[in-house]
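Okay, so here's the structure we're looking at.
Residue indices begin at 1 and follow the sequence shown. Note: hydrogens, waters and symmetry copies are ignored here, and every other heavy atom, side chains too, is used. Being a predicted model, the structure only gives us computed values, none of them experimental. Order of appearance sets the numbers: ligands from 1, and atoms from 1 within every ligand.
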Amino acid sequence: MPLSLSLQRRFGYGGKKHPWRRGVFRFLSGTVARRAGGGITFADDDEVLARVRADLGLPPGPRVDHYVDELRAERPLIEAFELAGTRHGRVEDASWDARLVRCRGVVALYYGLLRELRPAVVVETGTAAGSLTSFVMAALARNAHGRLISIDIPPVAGKLQMNLSVAAESVGFFIPPAYRERWTYLEGDAKRLLPRVLAEERVDVFIHDSLHTVTHMLFEYAVARALLREGGLILSDDILWNDAFASFLHANRLYGYAPFSQPGTGVVVNRFDSFEKQSGIGLADA
Ligand SMILES: C[S@@+](CC[C@H](N)C(=O)[O-])C[C@H]1O[C@@H](n2cnc3c(N)ncnc32)[C@H](O)[C@@H]1O
């Protein structure tokens, strides 16, 4: 396991009790990533947002709190959140505000970044309740631009690492009806569907949240990298389950980030070196 991940697991960040640990950890993880020629740097939510924005070539933008405030009164999301609690019993947070506080890193990356990047096509694997998906859909709805293609096997408790079951027709129940015209749901195995979708569409953003085994995660990251455009965005949930994300970054000399508030959420901008660009990236017969 890369040093930055084992340090994270061993010491954590210390949270509010030991704020200095965050600085130490940011420094250590950044140093490890640089020395390894690629890897994850853990940093404050605002710093992650600023760094990825710079990697994407976007102009300076607002802080994460701006996006949290945008979502505070987002009626469709609030209604879907309340319905998820009453109808599906799947709400971890006492209130919508509490949810926004807990999901601050996700708001930064799945909502804020997508508000600024204004992607035309986003592809995700792993939808289930659609809790993260709803933030992506909120960004597309607010942008009045773009669509999301979700690839998912409806979850069954006890299978494929899942502890909840959702019937096929209820997958994505966190996604408000008002956003759904921008959503396409493809039921099936990502191993079969992801390469096809990525080859057929010009995808700006890829999000992994399906099966978190090393083999499957490395498969999805590699296919996404190979077929996503230069400057596309790769997001992944649960990057601390194993070292797949860190290994992927290191193998491809890519510099990714994860926010302190939700360190299991990783992000990286897809970049190729000049040799790869000269030799050929993307589909050779397109
Ligand atoms: C962790 S859940 C997704 C959670 C979701 N992103 C959310 O925020 O609510 C993982 C989902 O991926 C699905 N899944 C697992 N392996 C898969 C595969 N090989 N292809 C497609 N979907 C898969 C599971 O059935 C489940 O629905």
Side-chain angles (χ1 to χ4, degrees), residues 71 76-77 80-85 87-93 96 99-100 102-111 113-114 122-140 148-176 179-180 183-198 203 205-224 227 233-242 244-245 258-259 261-267:
L71 292 177
L77 278 186
F81 166 79
E82 283 166 358
L83 205 63
R87 191 178 293 170
H88 302 277
R90 284 302 302 179
V91 168
E92 294 169 55
D93 308 287
W96 176 242
R99 178 163 168 76
L100 288 177
R102 186 176 62 82
C103 296
R104 200 169 179 277
V106 162
V107 171
L109 300 179
Y110 287 63
Y111 180 78
L113 265 184
L114 298 205
V122 181
V123 171
E124 77 162 2
T125 60
T127 308
S131 126
L132 299 179
T133 318
S134 64
F135 288 104
V136 173
M137 294 307 303
L140 303 184
L148 170 73
I149 302 169
S150 296
I151 299 168
D152 180 62
I153 297 170
V156 175
K159 292 192 176 163
L160 297 173
Q161 304 173 327
M162 293 305 295
N163 62 2
L164 87 154
S165 299
V166 181
E169 61 276 13
S170 297
V171 163
F173 58 76
F174 270 98
I175 306 169
Y179 298 169
R180 287 186 179 227
W183 188 47
T184 304
Y185 178 71
L186 301 179
E187 184 180 331
D189 197 317
K191 289 191 182 74
R192 205 186 305 281
L193 297 177
L194 183 62
R196 199 179 82 202
V197 171
L198 290 171
V203 177
V205 180
F206 168 69
I207 303 169
H208 161 85
D209 195 13
S210 60
L211 190 68
H212 306 316
T213 60
V214 172
T215 304
H216 190 80
M217 289 168 90
L218 286 176
F219 162 78
E220 289 198 4
Y221 300 146
V223 174
L227 292 171
L233 193 66
I234 297 176
L235 285 157
S236 179
D237 199 27
D238 294 318
I239 62 166
L240 297 179
W241 277 39
N242 54 52
F245 190 67
S261 69
Q262 288 178 285
T265 307
V267 58

Does the side chain to side chain contact (heavy atoms under 4.5 Å, CB included) test come out yes or no for Val107 and Phe135, once each step is laid out?
-> CA-CA 7 Å; Val107 171; Phe135 288 104; 3.9 Å; yes
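- Looking from atom 27 (O) of ligand 1 to the surrounding protein, the closest heavy atom is Asp152 OD1, 2.8 Å.
- Closest protein heavy atom to atom 22 (N) of ligand 1: Ile153 N, 3.1 Å.
- In this structure, the side chain of Gln262 engages the main chain of Gly105 through a donor-acceptor pair within 3.5 Å.
- Residue contact check: Gly188 has heavy atoms under 4.0 Å from atoms 20 (N), 21 (C) of ligand 1.
- Here the protein heavy atom with the shortest distance to atom 20 (N) of ligand 1 is Ala190 N, 2.8 Å.
- Residue-ligand proximity, Ala128 to ligand 1, at heavy-atom distances under 4.0 Å covers atoms 2 (S), 3 (C), 4 (C), 27 (O).
- No heavy atom of Ser134 sits closer than 4.0 Å to any atom of ligand 1.
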Pair Leu227-Phe206, side chain to side chain contact (heavy atoms under 4.5 Å, CB included): steps then yes or no | CA-CA 10 Å; Leu227 292 171; Phe206 168 69; over 6 Å; no
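- The protein non-hydrogen atom at the shortest distance from atom 16 (N) of ligand 1 is Leu211 CB, 3.5 Å.
- Atoms of ligand 1 found under 4.0 Å from any heavy atom of Gly130 (numbered from 1 in listed order, with element): 7 (C), 9 (O).
- Remark: the backbone N or O of Glu82 is not paired with any side-chain donor or acceptor of Trp96 at under 3.5 angstrom.
- Only side-chain heavy atoms of His216 come within less than 4.0 Å of ligand 1; its backbone N, CA, C and O stay farther off.
- Nearest-heavy-atom check against atom 15 (C) of ligand 1 across Val106, Leu160, Val166 picks out Leu160.
- Heavy atoms of Met162 found under 4.0 angstrom from ligand 1 belong exclusively to the side chain.
- Within the listing of ligand 1, atoms 7 (C), 8 (O) sit less than 4.0 angstrom from a heavy atom of Leu132.
- Residue, atom and distance of the protein heavy atom nearest to atom 14 (N) of ligand 1 are Ser210 CB, 3.9 Å.
- Interface atoms of ligand 1 facing Ser131, defined by a heavy-atom separation under 4.0 Å, are 7 (C), 8 (O), 9 (O).
- Each of the following atoms of ligand 1 lies closer than 4.0 Å to a heavy atom of Asp189: 18 (C), 19 (N), 20 (N).
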Derivation of the side chain to side chain contact (heavy atoms under 4.5 Å, CB included) call for Tyr179 and Leu148 | CA-CA 10 Å; Tyr179 298 169; Leu148 170 73; over 6 Å; no
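- For ligand 1, the atoms closer than 4.0 angstrom to any heavy atom of Gly126 are 3 (C), 5 (C), 6 (N), 11 (C), 12 (O).
- Here Leu77 contributes atom CG and Tyr111 contributes atom OH; the two are 8.0 Å apart, rounded to the nearest 0.5 Å.
- One distance of note links CD1 of Ile149 with OH of Tyr185; it measures 14.0 Å at 0.5 Å rounding.
- At a 4.0 Å heavy-atom cut-off, ligand 1 does not touch Leu193 at all.
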Just do the side chain to side chain contact (heavy atoms under 4.5 Å, CB included) check on Ile207 and Leu132 with the steps written out, would you?
-> CA-CA 10 Å; Ile207 303 169; Leu132 299 179; 6.0 Å; no
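- Each of Lys191, His216, Gln161 was compared with Ser210 under the side-chain hydrogen bond (donor to acceptor under 3.5 Å, both in side chains) criterion, and only His216 meets it.
- When each of Val136, Val267, Val205 is checked for a side chain to side chain contact (heavy atoms under 4.5 Å, CB included) with Tyr110, only Val136 meets the rule.
- One distance of note links CG of Asp189 with CD1 of Ile153; it measures 4.5 Å at 0.5 Å rounding.
- Looking at Asp209 next to ligand 1, an N or O pair under 3.5 Å apart turns up.
- Between Ser236 and Tyr221, the side chains place a donor N or O and an acceptor N or O closer than 3.5 Å (distance only, hydrogens not considered).
- The distance criterion of under 3.5 Å between nitrogen or oxygen atoms is not met by Asp238 with respect to ligand 1.
- In terms of protein heavy-atom proximity, atom 5 (C) of ligand 1 is closest to Thr127 O, 2.9 Å.
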